[in-house]
Amino acid sequence: MSGKVLITGGAGFIGSHLAEAYLAAGWEVTCLDDCSRGKATNVPRGARFVQADVRSAEARALVAGGGFDVLNHHAAQIDVRVSVAQPVLDADINLLGLLNLLDGAAAGGVRRVLFASSGGTVYGDPDVIPTPEPTAKAPLAPYGVAKLSSEYYLHAFSRLHGFETVALRYANVFGPRQDPNSEAGVCSIFIGRLLAGQGLTVFGDGTQTRDFVFVKDVARANLAASTATLPEGEGIDARAFNIATGTERSVNALAEAAGQVILGRSPEVQHVAARKGELARSCLDVSKAHRVLGWSPSWPFEDALGELVRWFRAGCP
């Protein structure tokens, strides 16, 4: 099954991979991006590109008048540090931008809305690892609060206007086209520094864990969520899915893996003070995505890391 999809943030890291995946599956693809972080050159050939802010009247009109089957919303303010320093800006982009698009989706008869949520932030510091979707939500920063609030808005709009909604709660996504200067891109940061002949900086003792999922697996999850039969149920967890690997990897282990891939040895690592509010452990249970969407991660971590290294060496950042 295919159709017409609008990808917001379609010139960005994840969004451009989604565009490629949708095109390969026979979809008609439009990418919306203001290019504040994304690059128009990331938009694949065959996709239509519209440069606009998700908060704009132009963006609303595009959703309302485009005849889209699926709205896939990935445009966002993605930096947790910015959300702490400028919470009003974070809410303006991540909440008001979403509401503008949902208003357009209601007017335009969109069938399904997919939303890029964050399993690394909405659960806070959970007691259960790997963390399943029904776990209590306790975000620790405005960024996570906005993601969780967005899921509630999605649920409400679905009830009010009849379209289906899906929240994809990502773990730590990595891969080609990831900004090496982004706070969220520790894999790209490490690779970039090692290729530049620099050592690595690790905040805290490096035992904090993350769940690193490859962007091409994330793209496959979005395709599956665009067409799968969705479960019934009340509340935001009914149609929310963790997109991850279910494997914990410490920051120290990531540094070691990056060093082995690039240098063939352990890298030089400097440990500095831990960042306030950083999660000690983050790893997501993906059994629901496998059961309902028929999706499981397929890329071995070392192979995916190698893909990222090849992209860097090609001079692409």
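All heavy atoms count here, side chains included; hydrogens, waters and symmetry mates do not.
Proximity of a side-chain donor or acceptor of Lys288 to a complementary backbone N or O of Ala238 within less than 3.5 Å is detected. Of the possible donor and acceptor atoms, one in the side chain of Asn100 sits under 3.5 Å from a partner among the backbone N and O of Ser56. A donor-acceptor contact shorter than 3.5 Å is absent between the side chain of Ser282 and the backbone of Gly120. Arg220 contributes no side-chain N or O that, together with a main-chain N or O of Trp295, makes up a donor-acceptor pair within less than 3.5 Å. For Arg239 (side chain) and Pro231 (main-chain N/O), a donor-acceptor pair under 3.5 Å exists by modelled atom type. For the pair Ser250 (side chain) and Thr209 (backbone), a donor-acceptor distance under 3.5 Å is absent. Formation of a donor-acceptor pair under 3.5 Å by the Arg193 side chain with backbone atoms of Gly199 is found in this model. Although no hydrogens or angles enter the test, the distance criterion places a donor-acceptor pair under 3.5 Å between the side chain of Gln208 and the main chain of Gly206.
Of the listed residues (Val218, Asp217, Asp211), just one forms a side chain to side chain contact (heavy atoms under 4.5 Å, CB included) with Pro297, and that residue is Asp217.
Between Val5 and Ser226 there is no side-chain heavy-atom pair separated by less than 4.5 Å.
Glu133 and Arg291 are not joined by a salt bridge, as no carboxylate oxygen comes within less than 4.0 angstrom of a charged side-chain nitrogen.
For Arg275 and Phe203, the positive end sits near the middle of the six-membered ring, less than 6.0 Å away and at most 45° from its axis.
Pairs passing the ring-ring contact (aromatic ring centres under 6.0 Å, His included) check and including a residue from residues 122-160, sequence neighbours excluded, read Phe157-His161.
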Which is it for Asn94 and Gln77 under the side-chain hydrogen bond (donor to acceptor under 3.5 Å, both in side chains) test, yes or no, and what are the steps along the way?
-> CA-CA 6 Å; Asn94 290 348; Gln77 189 298 109; 5.8 Å; no
Decide side chain to side chain contact (heavy atoms under 4.5 Å, CB included) for Arg210 and Val186; before the verdict, give the C-alpha distance in whole Å, the side-chain angles of both, and the deciding distance to 0.1 Å.
-> CA-CA 10 Å; Arg210 297 294 181 264; Val186 62; 6.0 Å; no
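The hydrophobic cluster containing Ile243 also contains Val166, counting ILVMFWY residues as joined when their side-chain heavy atoms lie under 4.5 angstrom apart, directly or transitively. Cluster membership check: Leu95 shares its hydrophobic cluster with Leu154, using side-chain heavy-atom separations under 4.5 Å among Ile, Leu, Val, Met, Phe, Trp and Tyr.
A donor-acceptor contact under 3.5 angstrom links the side chains of Asp285 and Ser287, judged on distance only.
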